[in-house]
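What follows is a single structure, written as structure tokens, with notes after it.
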Amino acid sequence: MGKYLNRSEMPAAEKTMSADLTKKHKKARGIQRAAQAVRRFYKGHLDFALTPCILWALGLNLFIETAGRGSFIQCLHYMIGSPFTFFLNTCIIFATMTLALLFRRRTFAYCFIGGVWFALGAVNGIILTFRMTPFTVSDLALLENGLSILPNYMSMFQIVLVIVAVIALVAGYTLLFRFAKKTEKKTSLKFAVCMILIACIGTVGLTGAAMKKGWISTYFNNLGYAYLDYGVPYCFLNTWLNKGIHMPLGYSEERIVSIFDEGLPLGVDEANDAIAVTNVISSSGKSQPNVLILQLESFIDPTLIKGMTFDRDPVPNFRKLKETCSTGYLTVPAVGAGTANTEFEVLTGMRVRSFGPGEYPYKTVLKEKTCESTAYTLKKLGYGTHAIHNHRGVFYGRNEVFSNLGFDTFTSVEYMNNVTRTPKNWARDDVLTDEILSAMKSTEGPDFVFTVSVEGHGKYPTEPVLTEEDIRVHVGGLENKEDYYAALYYVYLMEEMDEFIGNLTDALEQCGEDVVLVMYGDHLPVLNLTEENMKTGNLYQTEYVIWSNFGLKKIDQDLSAFQLSAEVLSRIGLHNGTLTWYHQTHKDDGDYLENLNLLLYDMLYGEQYIYGQKNPFEPTNLRMGIEDIKIKDIFCFGEDTYVVGENFTPYSKVSFEGDLKDTIFVNSKTLKVPETLDSGDLSKFAVCQVGKYKAVLSTTNAVIQTLEDVE
């Protein structure tokens, strides 16, 4: 404007140009001022609060993914290959770290919240060294179970180190809370809540966007792969928030009824109870045979593992059965661990993948609700129903769950004598032969006996524990010493379990009753296996065999675990039970799995339209053990008290006036208490079967048993 006295003398074009320049200048200055304001606000209000949250979140996510993948290099590959997924998991941790803004002792809050995430990463990394399945929220429900078998996985020195570390951690947190300085810059409650809400809402929004893009999913076809693909924090939280079976689209009574267009199973009464209530006679005129299911812990044919060689066949009995009996590959829902979920699928015909990722129905819905099962189906047909497991009765809550699955009796290791142990302290399976025969003899009619073995359980030692006399099958082809010793020990277990299989079938051949026996492995062993290591190319396949002592026809086919029981019942002419009938008649349908999911939701979480909106299954009065534990006499001798009776085991403990006494197991007829008790009043005495942590499974009262004996 220098050459003009005032703006009015300027030409129109120059006026417009000047105005544009002024607007741009003002806009630039406005942006600059806004940036400065944001910078001042961040430094004044956010820098001291959010920067630590960001750094904590980034560092923790790097550690968690490194521990989960066993390598920082693998973590970097994940971060570079899936940057948005890594960013999302960092945001999840960041959102939780903002909770520290609510506290003046912010250093303590950062360390406490960060410690929880650090523990998640560390525990997941450690668990993956013991098994092939990552850490889930369901494992917290199994904490007591995990602690009870910890000595089988860790040495006493390692356990002591863990205890010392936990004590040191608690002490450290206590000192930190006591002496850590409070934050000088005080954060208002309003500001803290706003930041937490912004972080949480932003993370939820990012999660939704990632789902739409297909970068993450709520459906985990393979839990281990999901943790690698979607990140540990996201997957772990999913195993917490995603439980049960969600209502399928189109769920209605008409949809449920339409599944069985050809009609419901044989024997359904007018109340739509999908279980037959009359005994069934086979076409030969004979009563139906005993039905035995044997789930073998971590059992596979070792020759299915590539790269391993053997100087003799490690499983000759199982191989002979595969040649003469119906067999095939069995797709199971677990790998390296998860025995109870394979067990659940076989017993119920339900598919675990319909439930939340990593969920154990034994620890969720089945704790409170009865469920259609093979036991209930056969029970309605006059079968006695028995469960057997040579491990603790409370493990996976079986002593409660089996009542909701229709079993009359449950014999756990606390009710067994003559139990021998492996070098890693798991009960050997040879004890199961007599227990199975006892269950069959306990009733006059046919029996359904479901047996779970435990001998093959990992972790397998990576150092020498076997003597030359122990080793009957030598393993070759492995250069790594740790892999060699683990494989050698595993094959040693398989050889012993195979010998048990031979002895069991020999005994059943001579038992005098018709028997059909199905045997299968519950999952692959923990041997650092990958799909490339397996001749099947699949980590979720074991094998099964259907044997009988009356000449069932050999029909080979591959099955899923949730189809196995229905197939066995079909072979002996039984078609009762909703899910049994469904698997037998609809497994080739295009909507087979979709309709199965509808049925499962309806049965366990919906209106139970398939049962006429009434649950037909009542919990059984589950009895622990087959044989009666009896007290016949109590007397004192010297400074000791003796209890004489029948069917005592090493887990029998004398109770006096309600207190469990130190008890010495002399034999199955005698218990000794190393103190003098008042034996004149029998009402004060009882014998309890007691597991770990003083878990009382059953109690036998002295007075009642004595009166019964007199009668």
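- In this structure, Lys369 and Asn404 approach most closely via the heavy-atom pair O-CB, 3.5 Å.
- Contact annotation: the side chain of Lys587 approaches that of Gln563 to within less than 4.5 Å [non-hydrogen atoms, C-beta and beyond].
- Side-chain polar atoms of Asp408 and Thr385 form a donor-acceptor pair below 3.5 angstrom.
- Counting non-hydrogen atoms of other residues, nucleotides and ligands closer than 6.0 Å to CG of Asp506 gives a total above 12.
- Rounded to the nearest 0.5 angstrom, Leu504 CG and Leu517 CG are separated by 5.5 Å.
- Judged by distance alone, the side chains of Thr364 and Glu359 do bring a donor and an acceptor atom under 3.5 Å apart.
- Side-chain atoms of Glu368 never come within 3.5 Å of backbone atoms of Val365 as a donor-acceptor pair (strictly under, hydrogens ignored).
- Glu567 and Gln557 form a side-chain donor-acceptor contact under 3.5 Å, judged by distance and modelled atom types alone.
- Side-chain contact of Gln689 with Thr649: a donor-acceptor pair under 3.5 Å is present, judged by distance alone.
- Atom CD of Glu414 is separated from atom OG of Ser698 by 9.0 Å, given to the nearest 0.5 angstrom.
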Check step by step if salt bridge (Lys or Arg N to Asp or Glu O under 4.0 Å) holds for Lys367 and Glu400. CA-CA 7 Å; Lys367 291 179 68 176; Glu400 298 176 353; 5.9 Å; no
Would you check, one step at a time, whether the test ring pair (Phe, Tyr, Trp, His ring centres under 6.0 Å) holds for His586 with Trp581? CA-CA 8 Å; His586 290 73; Trp581 179 251; 7.9 Å; no
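- Counting only N and O atoms by type, the side chains of Thr409 and His386 include a donor and acceptor under 3.5 Å apart.
- Ring orientation note: the planes of His583 and Phe562 are tilted relative to one another, at an angle of 30° to 60°.
- Taking CG of Asp447 as the start and CG of Leu292 as the end, the distance is 8.5 Å to the nearest 0.5 Å.
- Between Leu559 atom CG and Ser565 atom OG the span is 10.5 Å, to the nearest 0.5 Å.
- Taking the six-membered ring for Trp, Phe665 and Phe648 have ring centres at least 6.0 Å apart.
- The backbone N or O of Lys661 lies less than 3.5 Å from a partner atom in the side chain of Thr663, making a donor-acceptor pair.
- Asp522 and Thr339 share a donor-acceptor pair across their side chains, judged by distance under 3.5 Å alone.
- Within the 3.5 Å criterion, the main-chain N or O of Ala340 finds no donor-acceptor partner in the side chain of Arg398.
- Within the 3.5 Å criterion, the main-chain N or O of Lys424 finds no donor-acceptor partner in the side chain of Arg421.
- When all heavy atoms of Tyr362 and Val401 are compared, the pair lying nearest together is O-CG2, 3.4 Å.
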Quick one, Tyr329 with Tyr544, criterion ring pair (Phe, Tyr, Trp, His ring centres under 6.0 Å). Give me CA distance, side-chain angles, the key distance, then yes/no. CA-CA 6 Å; Tyr329 290 113; Tyr544 75 91; 9.2 Å; no
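- With hydrogens and angles left out, the side-chain atoms of Asn549 and Glu509 include no donor and acceptor closer than 3.5 Å.
- Residues Tyr415 and Glu435 bring no donor and acceptor atom of their side chains to less than 3.5 Å of each other.
- A pairwise comparison of heavy atoms in Thr580 and Ala566 identifies O-CB, 3.8 Å as the closest pair.
- Side chains of Phe550 and Ile572 form a contact here, defined as non-hydrogen atoms less than 4.5 Å apart.
- For Asp662, the CG atom counts as loosely surrounded, since its 6.0 Å shell holds 12 or fewer non-hydrogen atoms of other residues, nucleotides or ligands.
- Within the 4.5 Å cutoff, side-chain heavy atoms of Leu604 are placed close to those of Phe355.
- Taking every heavy atom of both residues into account, Lys322 and Asp301 meet most closely at NZ-OD2, 3.3 Å.
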Starting from the C-alpha separation in whole Å, work towards a yes-or-no answer on salt bridge (Lys or Arg N to Asp or Glu O under 4.0 Å) for Glu513 and Lys441. CA-CA 10 Å; Glu513 300 181 30; Lys441 293 175 182 177; over 6 Å; no
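- Using a 4.5 Å cut-off on side-chain heavy atoms (C-beta onward), Met497 and Phe318 make no contact.
- Between Leu596 and Arg351, some side-chain heavy-atom pair lies under the 4.5 Å cut-off.
- Classified by interplanar angle (parallel below 30°, tilted 30° to 60°, perpendicular above 60°), the ring pair His457/Trp426 is parallel.
- Under the 30°/60° scheme for interplanar angles, the aromatic rings of Tyr251 and Tyr601 are found to stand perpendicular.
- A heavy-atom distance below 4.5 Å is not found between the side chains of Val568 and Ile293.
- Judged by distance alone, with hydrogens and angles left aside, the side-chain atoms of Asp602 form a donor-acceptor pair with the main-chain N or O of Tyr609 at under 3.5 Å.
- Judged by distance alone, the side chain of Gln584 and the main-chain N or O of Leu574 form a donor-acceptor pair under 3.5 Å.
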So Ser412 and Arg392, side-chain hydrogen bond (donor to acceptor under 3.5 Å, both in side chains) or not? Walk me through it. CA-CA 6 Å; Ser412 60; Arg392 299 170 54 233; over 6 Å; no
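- Listed here is the closest heavy atom pair of Cys325 and Trp547: SG-CD1, 3.8 Å.
- For Arg428 and Thr422, the side-chain atoms include no donor-acceptor pair closer than 3.5 Å.
- Remark: side-chain polar atoms of Thr374 are paired, donor with acceptor, to backbone N or O of Leu347 under 3.5 angstrom.
- Side-chain N or O atoms of Tyr540 include none that pairs as donor or acceptor with a backbone N or O of Leu330 at under 3.5 Å.
- Residues Leu128 and Phe135 are not in side-chain contact: their nearest non-hydrogen atoms beyond the backbone lie 4.5 Å or more apart.
- Using a 4.5 Å heavy-atom threshold, the side chains of Leu321 and Thr327 count as separate.
- Side-chain contact check for Thr370 and Asn615: at least one donor-acceptor pair (N or O, by modelled atom type) lies under 3.5 Å.
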Return all side-chain donor-acceptor pairs below 3.5 angstrom for residues 448-456, not counting sequence neighbours, or 'none' if the list is empty.
{"from": "Ser453", "atom 1": "OG", "to": "Glu297", "atom 2": "N", "distance (Å)": "2.9"}
{"from": "Ser453", "atom 1": "OG", "to": "Asp429", "atom 2": "OD2", "distance (Å)": "3.1"}
{"from": "Glu455", "atom 1": "OE1", "to": "Asp429", "atom 2": "N", "distance (Å)": "2.9"}

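- Side-chain contact of Ser354 with Asn597: a donor-acceptor pair under 3.5 Å is present, judged by distance alone.
- Under 3.5 Å, the side chains of Tyr520 and Glu543 contain no donor-acceptor pair of N or O atoms.
- Pro333 and Val352 make their closest contact through CB-CB, 4.2 Å (heavy atoms, listed as atom of the first residue, atom of the second, distance).
- Remark: His575 NE2 to Thr377 OG1 distance equals 13.0 Å, nearest 0.5 Å.
- Of the possible polar contacts, none joining the Asn701 side chain to the Ala686 backbone as a donor-acceptor pair under 3.5 Å is found.
- In this structure, Ser373 contributes its side chain and Leu405 its backbone to a donor-acceptor pair below 3.5 Å.
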